[in-house]
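Here is the structure we will look at, set down as structure tokens.
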Amino acid sequence: MADKEKFVAKIQESYKADAPHIYLGAGVLNKEIVAEAKVNLLLRMMNRHGLVAGATGTGKTRTLQVLAEQLSNAGVPVFMLDVKGDLSGLNAPGSNNLKLEERASALGFTYKPDGFPVEIYSLSGKKGAPMRATILEFGPVMLAKILDLNDTQTGTLSVLFKYADDHKLPLVDLSDLKKVLSYLSEGPGKEEIKESYGKISTATSGTILRKIAAIEQQGLGNIFGEPSFDIDDLFQKTDGRGVISLLNISDVQQQPALYSTFLMSLLAEIYQTMPEAGDLDKPKLVFFFDEAHLLFKDAPKAFLEQIEQVVRLIRSKGIGVFFCTQSPLDIPETVLAQLGNRIQHALRAFTPNDAENLRKTVKTYPRSDFYEIEEALISMGIGQALVTVLNEKGIPTEVAVTHLTPPLAMMGPLPQADFNSLTEHSEMMQKYGAGKDSVSAHEILTERMNRNAEEEALQKETPEPRGRQPKEKTMAEQILSSPVTKEIGRQVVRGLFGMLFGTTTKRRR
Ligand SMILES: Nc1ncnc2c1ncn2[C@@H]1O[C@H](COP(=O)(O)OP(=O)(O)O)[C@@H](O)[C@H]1O
Ligand SMILES: [Mg+2]
């Protein structure tokens, strides 16, 4: 009994929340759910990032749902990677079932289902409003990762980007990339670049072209293009509640390089364009990366370093990033070290590998007067987690086995009819649904080549070249009026992530 009193006192002191916070659930001691031992996470500490980990089926995704729901209620917009496409239910109230009611009543409240404002995106454009980026925004390094290029091929890609930049050829979609590549490797540009940029071998350009074709064959070509996604759209609110933006990647799960680079370039753009925020009462936006091991799998060192850097720096912009994965060991150490808030669901100890994981995880926890950490990690139930977060002073709270609060919205995907109606009426679908084809590298080079051919023909007939002025004007006018050129400043920011991380372009928010 004395033990319980001590426990309640300790948890209440450690998780004291006088400021806006998320209610995670109640502390558990000796298998007893102690409702008055409330476990909270301060909103102002959410830009110190976090980790949600645990074996499959232990409740990680629902924990993300709980966090997203309460953030939305607090007016904080949320971005979530929806790996299986089963988070759209956030839009509709959950059903009153016995399990959820029991969970709520064990925590001392009555279950009241609720739905939240949701916006659904997808990279393919098939599972929600298309989230696109231009080739330029991806930049050579990211693109090289997506296309799985070696160093020589990556070098060639960088030359291509440099040439396009020097010659004001907007790289928007894959057709632009292909056009510039063949122009420089076997077209009229071949001689032109020899001196200033170096020669591009046809073998290298051939390989790159084949890899581009492979992406197109998988139906993923549409990811590159216009209108490209405007990060401002992630900061929306509806009736004071933060909009939960879901990026459904269920149909591109097999291309982790594709969506992980896309996400990282989004984060990089946010980092580069947002002003310093100082300490805020609540974050401006929180990112949730479910199944984060996919993000780090086979990632080259340079890419990992960039992730580490963006995660570290984005904090001061008032953005929180939460990773969700089976084992903390899935996350590179340098990133893990920056995740101040930890919600660890149960781990398994079946295989020697599991046991090793478990031992390593135990070591990352501070000592507890109330639990044997290893025992707690393997014995927690579904929807329970070992929690330690940062208190208002930035100090880790007392480790608490926590019986987590139930999500208020539907767990799982929306029924198809509701899903269709949600996406059909979405403003973002209006904005991004149809692609647009603006004057970019492909058109400019085609025109240039046609003109050269014309001039050559003309020169053969009459010695004095004519008819050049008006044509050039038309082209210049076209380029200047192109939305691509207008947006070039913004595009460069994201693209630079791959080249010269650190240069900033200012944009107000
Ligand atoms: N906080 C919770 N409240 C109510 N039920 C939960 C909670 N967490 C998990 N569950 C139950 O456990 C199931 C598995 O959870 P899920 O989050 O999908 O696991 P994971 O993502 O770790 O594989 C859910 O479908 C749900 O029925
Ligand atoms: Mg899950």
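First listed ligand is number 1; within each ligand, the first listed atom is number 1.
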Would the number of heavy atoms belonging to other residues, nucleotides or ligands and lying under 6.0 Å from NZ of Lys297 be above 12?
->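 Result for NZ/Lys297: open.
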More than 12 heavy atoms of other residues, nucleotides or ligands under 6.0 Å from NZ of Lys16: is that the case?
->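 No, not enclosed.
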Tell me if the centroids of the rings in [X] and [Y] come within less than 6.0 Å of each other.
{"X": "Tyr111", "Y": "Phe109", "answer": "no"}
{"X": "Phe323", "Y": "Phe296", "answer": "yes"}
{"X": "Phe224", "Y": "Phe138", "answer": "yes"}
{"X": "Tyr432", "Y": "Phe229", "answer": "yes"}

Specify the protein heavy atom at minimum distance from [atom]: its residue, its atom name, and the distance to 0.1 Å.
{"atom": "atom 1 (N) of ligand 1", "answer": "Thr405 O, 3.3 Å"}
{"atom": "atom 9 (C) of ligand 1", "answer": "Gly59 CA, 3.5 Å"}
{"atom": "atom 4 (C) of ligand 1", "answer": "Arg103 NE, 3.4 Å"}
{"atom": "atom 8 (N) of ligand 1", "answer": "Arg62 CB, 3.5 Å"}
{"atom": "atom 13 (C) of ligand 1", "answer": "Ile382 CG2, 4.4 Å"}

Atom 5 (N) of ligand 1: of Gln326, Lys99, Met411, the nearest heavy atom sits on Met411
Is [X] near ligand 1, meaning one of its heavy atoms is under 4.0 Å from it?
{"X": "Gly57", "result": "yes"}
{"X": "Leu64", "result": "no"}
{"X": "Thr58", "result": "yes"}
{"X": "Cys324", "result": "no"}

Quick one: look at His345 and ligand 1, take heavy-atom pairs under 4.0 Å, and tell me if it's side chain, backbone, both or neither.
-> neither
Determine whether the side chain, the backbone, both or neither of Leu100 has a heavy atom under 4.0 Å from any heavy atom of ligand 1.
->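 The answer is the side chain.
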Kindly confirm or rule out an N or O of Lys84 lying under 3.5 angstrom from an N or O of ligand 1.
-> no
Is Thr61 close to ligand 1, meaning an N/O of one under 3.5 Å from an N/O of the other?
->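 Yes, Thr61 has an N/O under 3.5 Å of an N/O on ligand 1.
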Neighbouring protein N, O or S atoms of the Mg ion (ligand 2) [cut-off: under 2.8 Å, no waters] =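 Within the sphere that stays under 2.8 Å of the Mg ion (ligand 2), the protein atoms of type N, O or S are Thr61 OG1.
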Min side-chain heavy-atom separation Asp369-Arg367 under 4.5 Å =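 Of all side-chain heavy-atom pairs linking Arg367 with Asp369, at least one is under 4.5 Å.
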Relative to each other, are the rings of Phe79 and Phe289 parallel, tilted or perpendicular (30° and 60° limits)?
->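 Ring orientation, 0 to 90° scale: perpendicular.
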